[in-house]
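Residue numbers count from 1 along this sequence. We count ligands from 1, going down the list as the structure has it; atoms in each ligand are counted the same way. These numbers come from a predicted model, not from an experiment.
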Amino acid sequence: MTTATAERIPFFPSDLFEGDREALLDTVHAIGTGADQKFILGERTAGLERALREGLGADDVVACSSGTSALTLVLTAMDVGPGDEVVVPAFGCAPLAATAANRGARPVFADIDPLALTADPAAAEALITERTKALMPAHMFSVMADMPGFRALADRYGLRLVEDSAVAQGGTLRGRPAGRWGDAGVYSFVQVKTFGMPGEGGAVVTDDRALAADVRMLRNHGQDGVHRFRHHRVGYNSRFDEVMAAFQLHRLAGLPGRLARRAEIGAYYSERFASLADQGIVAPPVGGDGRCHYVYAVLAERREALVDHLAAHGVDSHVYYPRTLPEQPAFAHYAADGVRPLHAESAARRNLALPLYPHLSDAQVEHIADTVCAFARSQDRDR
Ligand SMILES: *Cc1c(COP(=O)(O)O)cnc(C)c1O
């Protein structure tokens with residue numbers, strides 16, 4: 001065994017925030033012993049919102065309690081409710097369908113592009129009815145959705161465009177940041193995301209000031225921030241934590257460097273895997289425009305065998321979405337009878353994510369790539 005295999009390479013590393021431990025503990029102490037004991041929605045949250053807004057060139061950023069909650073606040077501010085339909089990807093995470101459903105609306109599942117794995121605008125267009133209120137594409141793994149296509153579609157049909165950029169903070173497409181293509185975009189700060197933190201949080205990004213004002217009210221029980229205990233709308237508790245805001249402000253300067261390291265690892269994997277398609281392993285193309293670097297997922301015909309092979313060589317891997325959203329018991333009754341999203345089903349059967357985080361060493365990255373390539377070669381021999 002080489003040295004790289006002696007140590008297990010976890011998929012979710014337990015030392016993500018090790019380098020910032022002191023800063024976090026100091027922050028907890030400072031806020032916990034501060035004169036005003038302000039643990040939520042204080043000056044640190046406002047500071048994080050300002051820093052993100054300025055970095056993005058957006059009119060407003062509203063921090064809230066999670067990415068899921070950010071989607072809920074946006075859909076609520078857009079008055080999405082009973083009788084409405086929201087077109088979402090058939091392949092993706094539960095919040096895409098659940099946030100629409102919890103508003104009383106119907107999630108409508110669009111098939112995906114077979115390589116990008118993001119919702120296909122043409123498939124989405126075929127599902128538009130007079131009840132459609134919003135389109136909600138999502139960026140997936142390391143590829144941004146076809147936002148120019150969705151922007152044009154939303155404009156053509158007069159629909160709201162919600163950009164689920166929960167995984168894509170830091171990505172850009174045609175020079176425009178992920179989160180800036182929709183009428184509103186959302187980010188998630190849950191630990192594994194590109195700007196993750198040790199807790200729950202998210203944000204809404206928008207140039208629509210009226211929408212932002214609504215989202216701001218809705219995140220704190222419909223209050224306007226001026227008159228306490230005056231509730232203008234039926235809202236939520238989706239407030240942001242001051243300790244996390246301070247921690248994110250502390251981590252913000254290092255984000256470009258961490259994103260660059262993720263991109264470098266992703267590009268290396270793609271170079272190594274470019275020739276494996278004939279052996280049943282399809283990788284995303286080497287990076288560039290419209291890429292984000294949240295998760296590096298390949299599509300593998302013999303996924304279970306690849307999982308075992310990786311594990312035998314000390315590499316943990318992860319299947320994100322083993323079934324499509326319309327195949328989930330919770331959402332099956334929203335699916336249209338007899339219409340199966342075949343590309344989404346194929347991706348659900350084959351997707352496998354490899355470790356991708358900034359503090360992976362070059363030797364670890366090489367070992368992971370070597371292990372995948374050795375598996376592919378053994379497939380060739382077995383044929
Ligand atoms: C993570 C994620 C969310 C939800 O974010 P949370 O902060 O976990 O609530 C929503 N959409 C997508 C595409 C995600 O990956």
Side-chain angles (χ1 to χ4, degrees), residues 11-12 16 48 52 61-76 86-103 107 109-110 112-113 116-119 134-147 150 161-171 173 178-179 181-182 184-205 215 219 236-241 244-245 247-248 262 290-297 318-325 328 330-331 344 347-348 351 353 356-357:
F11 187 80
F12 296 110
L16 259 184
L48 177 63
L52 294 177
V61 169
V62 184
C64 62
S65 64
S66 70
T68 303
S69 186
L71 291 176
T72 299
L73 296 174
V74 168
L75 292 176
T76 308
V86 181
V87 179
V88 305
F91 181 66
C93 62
L96 286 162
T99 52
N102 278 331
R103 289 297 308 153
F109 301 107
I112 58 170
D113 177 276
L117 309 185
T118 57
L135 305 174
M136 193 155 81
H139 310 308
M140 181 64 58
F141 300 144
S142 66
V143 182
M144 286 176 64
D146 179 357
M147 294 314 296
F150 275 101
L161 181 61
V162 182
E163 181 185 359
D164 184 344
S165 36
V167 306
Q169 195 170 356
L173 173 61
W181 281 90
V186 310
Y187 299 139
S188 164
F189 305 140
V190 78
Q191 79 206 61
V192 292
K193 303 285 163 88
T194 54
F195 192 40
M197 62 189 196
E200 293 267 30
V204 173
V205 184
V215 166
R219 81 170 162 182
Y236 298 90
N237 173 3
S238 180
R239 300 179 298 225
F240 200 79
D241 183 308
M244 289 298 129
F247 188 70
Q248 290 300 73
R262 283 173 179 268
R291 297 297 293 279
C292 48
H293 297 283
Y294 163 54
V295 155
Y296 191 91
H318 188 69
V319 175
Y320 265 83
Y321 307 116
R323 48 182 75 79
T324 66
L325 289 171
Q328 294 287 355
F331 309 124
N351 78 91
L356 176 68
Y357 36 89

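Between Val186 and Glu163, the closest side-chain pair of non-hydrogen atoms is not below 4.5 Å.
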Enumerate the pairs of nitrogen or oxygen atoms, one from ligand 1 and one from the protein, separated by less than 3.5 angstrom; state names and distance to 0.1 Å.
| residue | atom | partner | partner atom | Å |
| --- | --- | --- | --- | --- |
| ligand 1 | 5 (O) | Ser188 | OG | 3.4 |
| ligand 1 | 7 (O) | Gly67 | N | 2.8 |
| ligand 1 | 7 (O) | Ser188 | OG | 2.6 |
| ligand 1 | 9 (O) | Gly67 | N | 3.4 |
| ligand 1 | 9 (O) | Thr68 | N | 2.8 |
| ligand 1 | 9 (O) | Thr68 | OG1 | 2.6 |
| ligand 1 | 11 (N) | Asp164 | OD1 | 3.3 |
| ligand 1 | 11 (N) | Asp164 | OD2 | 2.6 |
| ligand 1 | 15 (O) | Lys193 | NZ | 3.0 |

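Contacts of Asp146 classified as side-chain contact (heavy atoms from CB on, under 4.5 Å), with partners at least two apart in sequence or in another chain: Pro121, Pro148. Applying the side-chain contact (heavy atoms from CB on, under 4.5 Å) rule to Ala344 yields the partners Ala90, Phe91, Asp111, Ile112, Thr324, Pro341; only residues at least two apart in sequence or on another chain are considered.
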Please set out all donor-acceptor pairs under 3.5 angstrom arising from side-chain atoms of residues 61-68, sequence neighbours excluded.
| residue | atom | partner | partner atom | Å |
| --- | --- | --- | --- | --- |
| Ser65 | OG | Ser69 | OG | 3.4 |
| Ser65 | OG | Ser238 | OG | 3.1 |
| Ser66 | OG | Thr68 | N | 3.4 |
| Ser66 | OG | Ser69 | N | 2.9 |

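When every heavy atom of Arg323 is checked against every heavy atom of Gln328, the shortest pair comes out as CG-NE2, 3.3 Å.
Within the 3.5 Å criterion, the main-chain N or O of Gln169 finds a donor-acceptor partner in the side chain of Thr194.
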